[in-house]
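See structure below.
Because the structure is predicted, anything quoted here is derived from the model rather than measured.
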Amino acid sequence: MESFSTKDMAMKAQKKILSHMASKSMVQMFIDDTSSEILDEFYRVSKEHSGNRTEAQKVVKDLIKVVVKVGVLFRHERFSKEELRLAEDFKKKLHQGAMTAISFQEVEFTFDKAVMTELLTDCRDILLKLVEKHLTTKSFGRIQHVFNHYSDPDLLTNLYTPGGPLWPNLTKICNGLNKLVEEGKL
């Protein structure tokens with residue numbers, strides 16, 4: 001006999017619907033103002049670096065879809081105890097990445113692209129392992145796309161060039177990250 005669960009069906013529908021609603025207005029329903037401001041800066045950095053508005057929109061939309069889907073899984077208590085440990089590892093690695101990003105911005109000429117790239121790659125790998133039993137191949141591609149885009153050594157070098165065109169964006173990103181850390185959200 002087939003197993004059917006309305007709870008599973010509701011969660012799948014919610015993930016599907018939310019993945020199609022990753023517009024700025026919908027993001028504000030699920031992501032706080034500070035995080036939204038950081039995402040806006042990520043978009044501007046991507047657009048400036050790539051020179052491609054469509055690609056910049058796609059990478060931020062992919063980021064939002066992943067955040068929302070992981071949030072839905074967490075809210076519906078879909079993660080096992082082992083997966084919750086992975087989620088905690090991801091949170092710690094993300095916090096470490098944020099603190100490192102802030103430090104590199106505050107102390108000019110300390111930026112090390114190998115360190116940032118490794119932190120982002122570690123975050124990506126932990127996240128992929130966390131969601132491997134829950135999300136589709138398409139979602140895995142979104143995760144790869146986001147982390148590969150933002151861990152690009154050229155993008156990171158341009159971002160961390162003091163006085164460069166992306167420096168004001170980095171300053172706003174780091175101010176937002178600082179606020180999230182102070183509020184205990186990151």
Side chain to side chain, [X] and [Y], heavy atoms closer than 4.5 Å:
| X | Y | value |
| --- | --- | --- |
| Asn169 | Leu166 | yes |
| Glu48 | Pro165 | yes |
| Val131 | Ser139 | no |
| Asn148 | Arg124 | yes |
| Ile126 | Leu94 | no |
| His49 | Arg44 | no |
| Leu128 | Gln144 | yes |
| Glu83 | Lys133 | yes |

- [ ] Quick one: list whatever passes ring-ring contact (aromatic ring centres under 6.0 Å, His included) with Phe42, sequence neighbours left out.
- [x]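 Counting only residues at least two positions away or on another chain, Phe42 forms a ring-ring contact (aromatic ring centres under 6.0 Å, His included) with Tyr150.
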
Open item on the list: Is there a side-chain contact (heavy atoms from CB on, under 4.5 Å) between Ser46 and His149? Walk through the geometry before answering.
Closed with: CA-CA 8 Å; Ser46 296; His149 179 81; 2.8 Å; yes

- [ ] Please say which of Asp62, Thr137, Leu135 ends up in a side-chain contact (heavy atoms from CB on, under 4.5 Å) with Arg142.
- [x]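 Between Arg142 and the candidates, side-chain contact (heavy atoms from CB on, under 4.5 Å) is satisfied uniquely by Asp62.
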
Open item on the list: Pair Phe140, Glu132 - check side-chain contact (heavy atoms from CB on, under 4.5 Å), show working.
Closed with: CA-CA 8 Å; Phe140 293 166; Glu132 72 185 348; 4.1 Å; yes

Task: Residue pair Leu63 / Leu39: nearest heavy atoms and the distance that separates them - done: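 For Leu63 and Leu39, the tightest heavy-atom pair comes out as CD2-CD2, 3.2 Å.
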
- [ ] Let me see the working for Lys91 and Gln96 under side-chain contact (heavy atoms from CB on, under 4.5 Å), right down to the final yes or no.
- [x] CA-CA 9 Å; Lys91 184 178 176 184; Gln96 179 187 1; over 6 Å; no

Open item on the list: Between Tyr160 (side chain only) and Leu170 (backbone N and O only), is there a donor and an acceptor less than 3.5 Å apart?
Closed with: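 No, the answer is negative, given that no donor and acceptor are paired below the 3.5 Å cut-off.
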
Open item on the list: Test your reading of the model: is there a side-chain donor-acceptor pair from Ser103 to the backbone of Met99, 3.5 Å cut-off?
Closed with: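 Absent.
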
Could you grab the distance from atom [atom1] of [X] to atom [atom2] of [Y], nearest 0.5 Å is fine?
| X | Y | atom1 | atom2 | result |
| --- | --- | --- | --- | --- |
| Lys129 | Phe90 | NZ | CZ | 15.0 Å |
| Asp40 | Ser35 | CG | OG | 11.0 Å |
| Leu159 | Trp167 | CG | CH2 | 8.5 Å |
| Leu177 | His95 | CG | NE2 | 10.5 Å |
| Ile173 | Ile38 | CD1 | CD1 | 8.0 Å |
| Leu73 | Glu77 | CG | CD | 12.0 Å |

Open item on the list: Between the side chains of Lys93 and Asp89, is the shortest nitrogen-to-carboxylate-oxygen separation below 4.0 Å, so that they form an ion pair?
Closed with: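 Here Asp89 does not pair with Lys93 in a salt bridge, since their nearest N and O are not under 4.0 Å apart.
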
TODO: Answer yes when Glu82 and Arg85 have at least one side-chain N-carboxylate O distance shorter than 4.0 Å, and no when they do not.
DONE: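 Result for this pair is no, no salt bridge flagged.
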
Which pairs of donor and acceptor atoms, one on a side chain in residues 109-120, lie under 3.5 Å apart (sequence neighbours left out)?
from, atom 1, to, atom 2, distance (Å)
Thr110, OG1, Val107, O, 2.6
Asp112, OD1, Ala114, N, 3.0
Thr117, OG1, Lys113, O, 2.7
Thr117, OG1, Ser151, O, 3.4

Open item on the list: Test: salt bridge (charged side-chain N to carboxylate O under 4.0 Å, His left out). Region: residues 167-186. Which pairs qualify, not counting sequence neighbours?
Closed with: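 Every salt bridge (charged side-chain N to carboxylate O under 4.0 Å, His left out) pair that includes a residue of residues 167-186, provided the two are not neighbours, is Asp32-Lys185, Glu183-Lys185.
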
Open item on the list: Arg53 vs Tyr43, test: side-chain contact (heavy atoms from CB on, under 4.5 Å). Steps then yes/no.
Closed with: CA-CA 9 Å; Arg53 182 176 68 92; Tyr43 165 76; 3.2 Å; yes

